[in-house]
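Index from 1, following the sequence. All ligand and atom numbering here is 1-based and tracks the order in the structure. The figures here come from the full heavy-atom set of this structure, side chains too, leaving out hydrogens, waters and symmetry mates.
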Amino acid sequence: MKSPKLRLFSGMKPTGRIHIGNYFGALKQFVDLQDTHDTFIFIANLHALTTLPTKDQLLEDTNNLILDYLGAGLDPEKVTLFKQSDVPAHASMTWVFNNLVTVPYLMRAHAYKDAEAKGKELNAGTFDYPVLMASDILLYDTDVVPVGKDQKQHVEYARDIAEKFNHQYGEQFKLPKELILEDTGIIPGTDGQKMSKSYGNTIPLFATDEEITKAVMSIVTDSRERNEVKNPDELVLYQIHKYFNDSVELRNWYAEGLGYGDAKKQLIKDIITFVTPMRERREHFANNPKLVQDILIQGAYKANDIAMKKVFDVYEAVGLTS
Ligand code: TYM
């Protein structure tokens, strides 16, 4: 039976280590909302395949991502956690949706336009990425999709596709809504641009103290003298620091001219304090691979139940089964 709570669906790609942008932009919302929402969080490994990782890399990144989810505080008693590839309905639904979208519509996707601007030749999987993502979301009658701002267009695509299907074949899909928080929609990287694995400007969430120190030391500082900048919000350093320590004391300290060196030292301390309990939780699961495997199997059963039923309804609605 469907829970009376709103259904939340989201996930991340297993493509390298997750960073604090992923955490504050998305993962933290998954954790914060798991008590109040009927929560489904998956590992988007079919999406990761579009980047053509090696087999070993994909397996390793997938294993790390489930540990990251659990370490960050997702409670398997409350959340359905599963791997996209364990639920074949995602690919089946994508084939149905592929026939409802046009090529020019997909050419308007930001990711496509960026690749085109850079003169990159895209594989068909990357071109079709938004349709697979629409399947992920729509299969589960999702109400809310917590994501960072860069995924807004993808959730809009899911809504468009649901509307198009409902119009053509009759009501089957709920219209999902993105959940993007004002303060954390775009977390800046060490160079002040959006933090992104592809820009090499990340602070990994589960890093060693040395790696955290190295990443923090590389955060850009303002070309003006420190005491010329009175408003802390103008400093990339503070823009990042405030996620780990939003105290008035810290803000005042910055406003009074706290030097870059001391501020960085404090930020390193604050990040380590923040991630220590997460590291410990992650370690616990890393030492219990059987437990993690069971969590994913249970999740796959539950997800398959819901997703297969939706595929059957859709196959019936379009005339693929009678
Ligand atoms: P991915 O793996 O690139 O990113 C995971 C989440 O992290 C957010 N994010 C950020 N938020 C704020 N500031 C940043 N600098 C930052 N960088 C990344 C992303 O917005 C995202 O929410 N297409 C998705 C995966 C996906 C998915 C889905 C998500 C596939 N199917 C269905 C939700 C629902 C992606 O590539 O996320």
What is the nearest protein non-hydrogen atom to atom 22 (O) of ligand 1, stated with its residue, atom name and distance?
-> Gly148 N, 3.1 Å
Does the side chain of Ser247 pick up a donor-acceptor pair with the side chain of Asn245 at under 3.5 Å?
-> yes
Picking from Thr142, Leu138, Ile137, Asp143, what satisfies side chain to side chain contact (heavy atoms under 4.5 Å, CB included) with Lys174?
-> Asp143
Arg282 charged N/C atom sitting above Phe206 aromatic ring, 6.0 Å / 45° | yes
Option from Val236, Val220, Asn201 for which side chain to side chain contact (heavy atoms under 4.5 Å, CB included) with Gln193 holds = Asn201
Run the contact test for Val155 against ligand 1 with a 4.0 Å cut-off on heavy atoms, strictly below, and give the result.
-> no
Backbone or side-chain N or O of Met12 under 3.5 Å from ligand 1 N or O | no
Donor-acceptor pair, Asn287 side chain versus Glu283 backbone, under 3.5 Å?
-> yes
Nearest-contact summary for atom 25 (C) of ligand 1 - protein heavy atom, Å = Gly11 O, 3.8 Å
What is the ring orientation for Phe173 with Phe165, classed by angle as parallel under 30°, tilted 30 to 60°, or perpendicular over 60°?
-> perpendicular
Do you see a donor-acceptor pair shorter than 3.5 Å between the side chains of Thr273 and Asp270?
-> no
What residue and heavy atom of the protein are closest to atom 36 (O) of ligand 1, and at what distance?
-> Tyr129 OH, 2.8 Å
Name of the residue among Asp141, Asp136, Asp305 meeting salt bridge (Lys or Arg N to Asp or Glu O under 4.0 Å) with Lys310 = Asp141
Below 4.0 Å from any atom of ligand 1, is there a heavy atom belonging to Ser196?
-> no
If you have a sec, work out which protein heavy atom is nearest atom 26 (C) of ligand 1 and how many Å separate them, to one decimal?
-> Met133 SD, 3.8 Å
Do NZ/NE/NH1/NH2 and the carboxylate oxygens of Arg159 and Glu163 come within less than 4.0 Å?
-> no
Distance to 0.1 Å, residue and atom name: give those for the protein heavy atom nearest to atom 13 (N) of ligand 1.
-> Ile187 N, 2.8 Å
min-distance protein heavy atom vs atom 2 (O) of ligand 1 -> Lys13 N, 2.8 Å
His19 near ligand 1 by a heavy-atom separation under 4.0 Å = yes
Heavy atom of the protein closest to atom 10 (C) of ligand 1 (residue, atom name, distance) = Gly21 O, 3.4 Å
Where does the angle between the aromatic ring planes of Phe244 and Phe274 fall among parallel (under 30°), tilted (30 to 60°) and perpendicular (over 60°)?
-> perpendicular
Select the closest option to atom 31 (N) of ligand 1 among Val147, Asp136, Thr184, judged by heavy-atom distance.
-> Asp136
The answer for which part of Ala26 has a heavy atom under 4.0 Å from ligand 1 is side chain
In terms of residue, atom name and distance, what is the protein heavy atom nearest to atom 37 (O) of ligand 1?
-> Gln151 NE2, 4.1 Å
Option set Leu179, Thr202, Asn201, Asp150, criterion heavy-atom distance to atom 20 (O) of ligand 1, minimum = Asp150
Within-shell test, Phe24 vs ligand 1, heavy atom, strictly < 4.0 Å | no
When you look for heavy atoms under 4.0 Å from ligand 1, do you find them on the side chain of Leu27, its backbone, both, or neither?
-> neither
Look at the side chain of Asn166 and the backbone N and O of Gln172, then say whether any donor-acceptor pair between them is shorter than 3.5 Å.
-> yes
Got an N/O contact under 3.5 Å between Asn22 and ligand 1?
-> yes
